[in-house]
2 protein chains.
Amino acid sequence: MLQNGNYEAILGRIPTYIAFLENYKDIYISATIIANELNYGEVMVRKDLAKISVGGRPKIGYTVEKLLNDLKTYMGYHHETRAVIVGMGRLGEALYHYKGFKPYHIKVVAAFDMHNKYDHMDQFESICKSNQIDIGIITVPKEHAQAVCDLMIKNQIKAIWNFAPVVLDVPKHIIVQNENMANSLAILTKLTNDRWHES
Amino acid sequence: MLQNGNYEAILGRIPTYIAFLENYKDIYISATIIANELNYGEVMVRKDLAKISVGGRPKIGYTVEKLLNDLKTYMGYHHETRAVIVGMGRLGEALYHYKGFKPYHIKVVAAFDMHNKYDHMDQFESICKSNQIDIGIITVPKEHAQAVCDLMIKNQIKAIWNFAPVVLDVPKHIIVQNENMANSLAILTKLTNDRWHES
DNA sequence: TAGATTGTTAATCGATTAACAATC
DNA sequence: TAGATTGTTAATCGATTAACAATC
């Protein structure tokens, strides 16, 4: 999951609500049921829903269809987002082929690498110019991450999803989200050791 | 990054401090410098360090070597953690081969899949029995995630790093950390749209 | 009607930031 | 000494939880 908490907490939950509702076969849904299924606090879910949708009825709940649509609108699913990915090692390939992005109207326009069957970096500028790219995904080795990042910004990319374990230096209008696998696992390890060993 | 905030915020920063200090070539380091380099608040860094280490000296700062050691001890880097991974699709392979876990004393003991060159699921029980496994990594398709999870718990695995987009049902003493790529990207997309388009 | 559920207002909790004293 | 830095105490801020009124 996202490592930082530099965004409103509610944003981390909405995609989970959406995924749950996509598979929910009924006309109405209550905050109570959602909370139980997702192991969230009941009041928290109710507040989340109230913030984003309207029309929940006492004793009945929300219409699944309307709630789902409101949640998707809030998250911007109806607006296509274009991305490019740079660095087609194993992780880059895994992301490139990942099916789970489909519902989000995210289109990976190009996948770049120096060496293989993907788009060559020579074409980076021209591909960015002919498509308006919103998000750049960085999956190169850490030595090259800053250079790739600079190139992305030079080509009007607005946000960066960074899998390289480095702190990128960017102008402050650029949004960076760091996804650091080693850090995530380190945290889980720490929590596990605390719970099961010392203390 | 980790998506949930169901752990102390400081835990998300310590691995970043460690990685920074590993590459810092000097004897002393101050909270001020760390904060500037990592784009954190100065006071926050000072508080983090004070919580975990001792011996920072006014005007001088901390000894890099001692601070680094204290941070690593706190995170449990000195204690070997054993993991298994189930589901060797592209993402499973990427994680299995990922170099970044090395410094954390995490050992991936086995990698399971039904179909290919990795360990076969038939051997799951026996491998878990002869090694004491701390963490199970789930990278199977979502349809199989709960079954894999159940099997892990049955074999005394204590914590689960779950990449499948499902809410796992586990006894409450088991630690689950969800890593949902689609959710992460959805959040970044939302933040980007908010900043650059509507509003 | 009684009970489930929504929605709102107040309280709590934790994390971050601000202010400042201590120290090398 | 003066200034940089630590460490502490108080204030702020945001998110979650609790309490409760409204409603179908």
Side-chain angles (χ1 to χ4, degrees), chain A residues 1-17 20-21 24 26-68 70-71 74 187 190-191 194, chain B residues 1-17 20-21 24 26-68 70-71 74 187 190-191 194:
Chain A
M1 307 179 139
L2 303 170
Q3 195 160 296
N4 308 330
N6 55 348
Y7 54 85
E8 281 184 291
I10 187 176
L11 286 186
R13 294 187 294 264
I14 300 173
T16 307
Y17 296 145
F20 172 71
L21 291 172
Y24 192 74
D26 203 344
I27 299 181
Y28 297 104
I29 183 76
S30 71
T32 314
I33 292 174
I34 295 177
N36 289 338
E37 292 293 326
L38 304 180
N39 296 316
Y40 287 157
E42 194 176 320
V43 183
M44 187 177 75
V45 173
R46 189 163 296 123
K47 275 214 152 141
D48 285 351
L49 303 189
K51 183 170 183 178
I52 288 163
S53 191
V54 289
R57 289 156 68 197
K59 179 119 184 205
I60 295 172
Y62 291 80
T63 314
V64 172
E65 194 185 340
K66 172 155 175 19
L67 178 58
L68 197 44
D70 287 347
L71 290 166
Y74 183 84
I187 293 166
K190 160 73 173 158
L191 293 173
D194 284 356
Chain B
M1 314 170 135
L2 301 172
Q3 195 160 293
N4 307 331
N6 54 348
Y7 53 85
E8 281 183 291
I10 188 178
L11 285 185
R13 294 188 293 266
I14 301 174
T16 306
Y17 296 143
F20 172 71
L21 291 173
Y24 192 74
D26 203 346
I27 298 182
Y28 296 105
I29 184 76
S30 71
T32 314
I33 293 174
I34 295 177
N36 289 340
E37 292 294 325
L38 303 179
N39 294 315
Y40 287 157
E42 192 177 320
V43 184
M44 187 176 73
V45 173
R46 189 162 298 123
K47 274 214 152 146
D48 286 350
L49 302 190
K51 183 171 184 177
I52 289 163
S53 192
V54 290
R57 289 155 68 196
K59 179 119 186 211
I60 294 173
Y62 291 80
T63 314
V64 173
E65 194 186 340
K66 170 151 176 20
L67 178 58
L68 197 44
D70 287 348
L71 290 166
Y74 183 83
I187 293 165
K190 161 71 173 160
L191 293 173
D194 284 356

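Note that the structure is a prediction, hence the values are computed from the model and not measured. Computed over heavy atoms, backbone and side chain alike; hydrogens, waters and symmetry mates excluded.
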A.B. asks: To the nearest angstrom, how far is B:Leu11 atom CG from C:dG14 atom P?
C.D. replies: 15 Å
A.B. asks: Mind checking the CG-CD spacing from A:Asp194 to B:Glu8? Nearest 0.5 Å is all I need.
C.D. replies: 9.0 Å
A.B. asks: Tell me if the CD1 atom of A:Ile27 is crowded by more than 12 foreign heavy atoms within 6.0 Å.
C.D. replies: no
A.B. asks: Nearest heavy-atom pair of A:Lys190 and B:Leu11: which atoms, and what distance?
C.D. replies: CG-CD2, 3.8 Å
A.B. asks: When A:Ile14 is tested against each of A:Leu49, A:Ile52, A:Asp48 for side-chain contact (heavy atoms from CB on, under 4.5 Å), which residue passes?
C.D. replies: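 Answer to the side-chain contact (heavy atoms from CB on, under 4.5 Å) test with A:Ile14 among A:Leu49, A:Ile52, A:Asp48: A:Ile52.
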A.B. asks: Grab the CD-C1' distance between B:Glu42 and D:dT6 for me, whole Å please.
C.D. replies: 10 Å
A.B. asks: Considering non-hydrogen atoms only, spot the tightest contact between B:Gly12 and A:Ile187 and give its length.
C.D. replies: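 B:Gly12 and A:Ile187 have their closest heavy atoms at CA-CD1, 3.7 Å.
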A.B. asks: Identify the heavy atoms of B:Tyr28 and B:Val64 that sit nearest to each other, and give their distance.
C.D. replies: C-CG2, 3.9 Å
A.B. asks: Pairing of DNA chain D as dot-bracket, 5' to 3': ( ) intra-strand, [ ] crossing, | other strand, . unpaired, with Watson-Crick or G-U pairs under 3.5 Å?
C.D. replies: ..||||||||||||||||||||||
A.B. asks: For residues B:Ser53 and B:Leu67, report the shortest heavy-atom separation together with the two atoms involved.
C.D. replies: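 B:Ser53 and B:Leu67 have their closest heavy atoms at CB-CD1, 3.7 Å.
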A.B. asks: Think B:Tyr28 has a side-chain N or O under 4.0 angstrom from the OP1 or OP2 of D:dA4?
C.D. replies: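 For D:dA4, neither OP1 nor OP2 has a side-chain N or O of B:Tyr28 closer than 4.0 Å.
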A.B. asks: Atom CD1 of B:Ile52 and atom P of D:dG7: how far apart are they, to the nearest Å?
C.D. replies: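 That distance rounds to 13 Å.
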A.B. asks: What do you reckon, is CD of B:Glu42 surrounded by more than 12 foreign heavy atoms closer than 6.0 Å?
C.D. replies: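 Counting neighbours around CD of B:Glu42, more than 12 heavy atoms of other residues, nucleotides or ligands fall under 6.0 Å, so yes.
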A.B. asks: CD1 of A:Ile29 versus C1' of C:dT6: gap in Å, rounded?
C.D. replies: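 Roughly 14 Å, once rounded to whole Å.
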A.B. asks: How would you summarise protein contacts on nucleotides 15-24 of chain C per nucleotide, using B for base, S for sugar-phosphate only and - for none, with heavy-atom distances below 4.0 Å?
C.D. replies: SSBB----BB
